[in-house]
Amino acid sequence: MDKTPRFGHAIRHWWPLDTDIDFLNPASFGATPHEILAAQSVWRDRMERNPMHFFLDVLPLEVRRQASLLAEFVGADADRLVFVENATNGVQAAIWSHLRERRDAGKLSAEREIITTDQVYPAVRNMMRLAAREFGTGYREIHIPFPLSGADEVRDRIAAELGERCALLVVDHVASPTGLVFPVHAIVANARERGVAVIVDGAHAPGMLPLDLDALDADWYVGNCHKWMFTPKSCALLYAAERRAAHTHPNVVSLTVGKGMPAEFDYVGTRDCTAFLCLEASLEFMRRLGIDGMRRYQSDLVAEIRPRFSAATGVDTPAPHDMTAGMLAFPLYGARRMDSDSARQLRAHCYRTRKFEVPFMVHDNHMLVRAAAQVFNEAGDYDALLELLSEAEFNKVQTELGWN
Ligand SMILES: Cc1ncc(COP(=O)(O)O)c(C=O)c1O
């Protein structure tokens, strides 16, 4: 029997993480183990030994083969699943593809607005505002409170805003500021019923949550592999429903223009695609960890630290446990400042003086702290953070930062 400890600190050395920090934010940019980085180096060597052979003979076939493996993992038709460098890129391609098609079909005078929720990732907010200006639509955010009663509240608040005037709904699968898992099946079903196109931004979902994209039937789905699937940075997926694939185009026009999906996405100029080519290595790594066991460890760890966060912050559970998977956020009602610069200052202060990495974010005029539970974390990793969240300590830090 394999006696290797499967999770926690016993496997932390599989990652090149600095040993003197508690790394509580494997979510923002991911964390890639040595063995997958080694697989990437092998691909880079192959690329540089004969770039002509690599780009013309190897890469086209290999990108498709690895995309097929990913498609199988997320329950999608491989012809409609492509690699993009990151979720930002994929969401932008989907938004622009859809709005161009609606404009060209003369539909944008009736479908006058694009909507999302106020838990939207800030870069997606920026691109939606820009798209609204470029395509002459309105832009609106549906308020999703936090603390929150449950998934039905998210579903109902969104359903209440869907109508004929909506050209597009963009909704998160796992919301960035709160880490909450939104009920995307119900949200997509409601949108489809009302004839509203929907992009699901699943930046945090692949790896963290089981996915069946064909069954979900969103018009587009975007997900990162570099966050919770352990691939090197710059590996993400864009999926289009069959009804959308023909007018789904990359943000950059290249040699493959007019060839449709997936060819237009598979080649967009000379770039380093080696992160895409590590998909197979990442699947092997996760399968060796045990995919169900990995997800159970992450959500059990979140369940274990949740009451400790409640005790430290004095906030009762801000959302039901069934809305969380690998991440957990709490509002800090004692915060004296609530803007993104202050959130960045807090993070930097924690790293500099207390040696842990955790993000602070502002949502709905509250400062939130968000922790993530990866397979190399253990409950004790959060102790220094929890100590900081006690009222006296948090006040001390705010004073040290000059927040009077
Ligand atoms: C919901 C959401 N969308 C998009 C992104 C952007 O991801 P990337 O930086 O990989 O493009 C993030 C990043 O955290 C996110 O949380």
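What you see is a predicted model, and the numbers here were worked out from it, not measured in a lab.
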Flag side-chain contact, heavy atom, 4.5 Å: Arg112 against Thr137: no

Other residues, nucleotides, ligands: >12 heavy atoms within 6.0 Å of Glu164 CD: no

CZ (Arg288) with more than 12 external heavy atoms under 6.0 Å: yes

Output field: ring centroids His366/Tyr333 closer than 6.0 Å: yes

Salt bridge Arg347-Glu357, side-chain N to carboxylate O under 4.0 Å: yes

Least distance between heavy atoms, Leu289 atom then Phe7 atom: O-CZ, 3.8 Å

Minimum heavy-atom distance between Asp316 and Ser310, given as atom pair plus value: C-OG, 4.1 Å

Audit row: Leu211, Phe73, side-chain contact (heavy atoms from CB on, under 4.5 Å) steps and yes/no: CA-CA 8 Å; Leu211 295 175; Phe73 182 64; over 6 Å; no

Non-hydrogen atoms of Phe330 and Val315 that approach each other most closely: CE2-O, 3.5 Å

Spacing of OG1 belonging to Thr117 relative to CZ belonging to Arg125, to within rounding of 0.5 Å: 8.5 Å

Flag for Gln345-Trp403: side-chain donor and acceptor within less than 3.5 Å: yes

Partner set under salt bridge (charged side-chain N to carboxylate O under 4.0 Å, His left out) for Asp364, not counting sequence neighbours: none

Passing option when Asp266 is tested against Arg64, Arg65, Arg271, Lys259 for salt bridge (charged side-chain N to carboxylate O under 4.0 Å, His left out): Arg64

Check ion pair Arg157-Glu153 (N to O, under 4.0 angstrom): yes

Stepwise side-chain contact (heavy atoms from CB on, under 4.5 Å) check, Tyr382 with Phe356: CA-CA 9 Å; Tyr382 304 86; Phe356 63 80; over 6 Å; no

Ile115 CD1 to Glu161 CD distance, which is reported to the nearest 0.5 Å: 6.5 Å

Short side-chain to backbone donor-acceptor contact, Thr399 and Asn395, under 3.5 Å: yes

Separation between CG of Leu328 and OG1 of Thr178, rounded to the nearest 0.5 Å: 10.0 Å

Gap separating the CE atom of Met361 from the OG atom of Ser176, nearest 0.5 angstrom: 4.5 Å

Flag side-chain contact, heavy atom, 4.5 Å: Asn377 against Gln374: yes

Sequence-distant partners of Arg12, salt bridge (charged side-chain N to carboxylate O under 4.0 Å, His left out), two or more places apart: none

Below 3.5 Å, can you tabulate the donor-acceptor pairs from side chains in residues 98-105 to any protein atom, sequence neighbours excluded?
from, atom 1, to, atom 2, distance (Å)
His98, NE2, Ala167, O, 2.9
Arg102, NE, Glu111, OE1, 3.0
Arg102, NH2, Glu111, OE2, 2.8

Residues which pass salt bridge (charged side-chain N to carboxylate O under 4.0 Å, His left out) with Glu134, listed by chain and number, not counting sequence neighbours: none

Flag side-chain contact, heavy atom, 4.5 Å: Thr32 against His226: no

Close side-chain approach of Leu385 and Phe309, heavy atoms under 4.5 Å: yes

Arg244 and Arg80, any side-chain heavy atoms less than 4.5 Å apart: no

Closest non-hydrogen atom pair between Val84 and Phe276, with its separation: O-CE2, 3.5 Å

More than 12 heavy atoms from other groups under 6.0 Å of CD on Glu391: no

Shortest non-hydrogen separation from Leu169 to Thr116 and the atoms involved: CD1-CA, 4.4 Å

Gap between atom CG of Asp172 and atom CZ of Phe182 - 0.5 Å precision: 6.0 Å

NZ/NE/NH1/NH2 to OD/OE distance under 4.0 Å, Arg354 and Glu387: no

Side-chain H-bond candidate by donor/acceptor type, Tyr239 with Asp214, under 3.5 Å: yes

Set of residues satisfying ring pair (Phe, Tyr, Trp, His ring centres under 6.0 Å) with respect to Phe230, sequence neighbours excluded: Trp15, Phe285

Phe394 six-ring face occupied by Lys396 cation (under 6.0 Å, within 45°): no

Heavy atoms from other residues, nucleotides or ligands near OH of Tyr351 exceed 12 (cutoff 6.0 Å): no

Any side-chain heavy-atom pair of Leu216 and Asp212 under 4.5 Å: no

Neighbour count above 12 (heavy atom, 6.0 Å) for Glu393 CD: yes

Residues in salt bridge (charged side-chain N to carboxylate O under 4.0 Å, His left out) contact with Asp272, at least two apart in sequence or another chain: Arg44

Rounded distance (nearest 0.5 Å) linking atom CG of Asn251 with atom CE of Met127: 8.5 Å

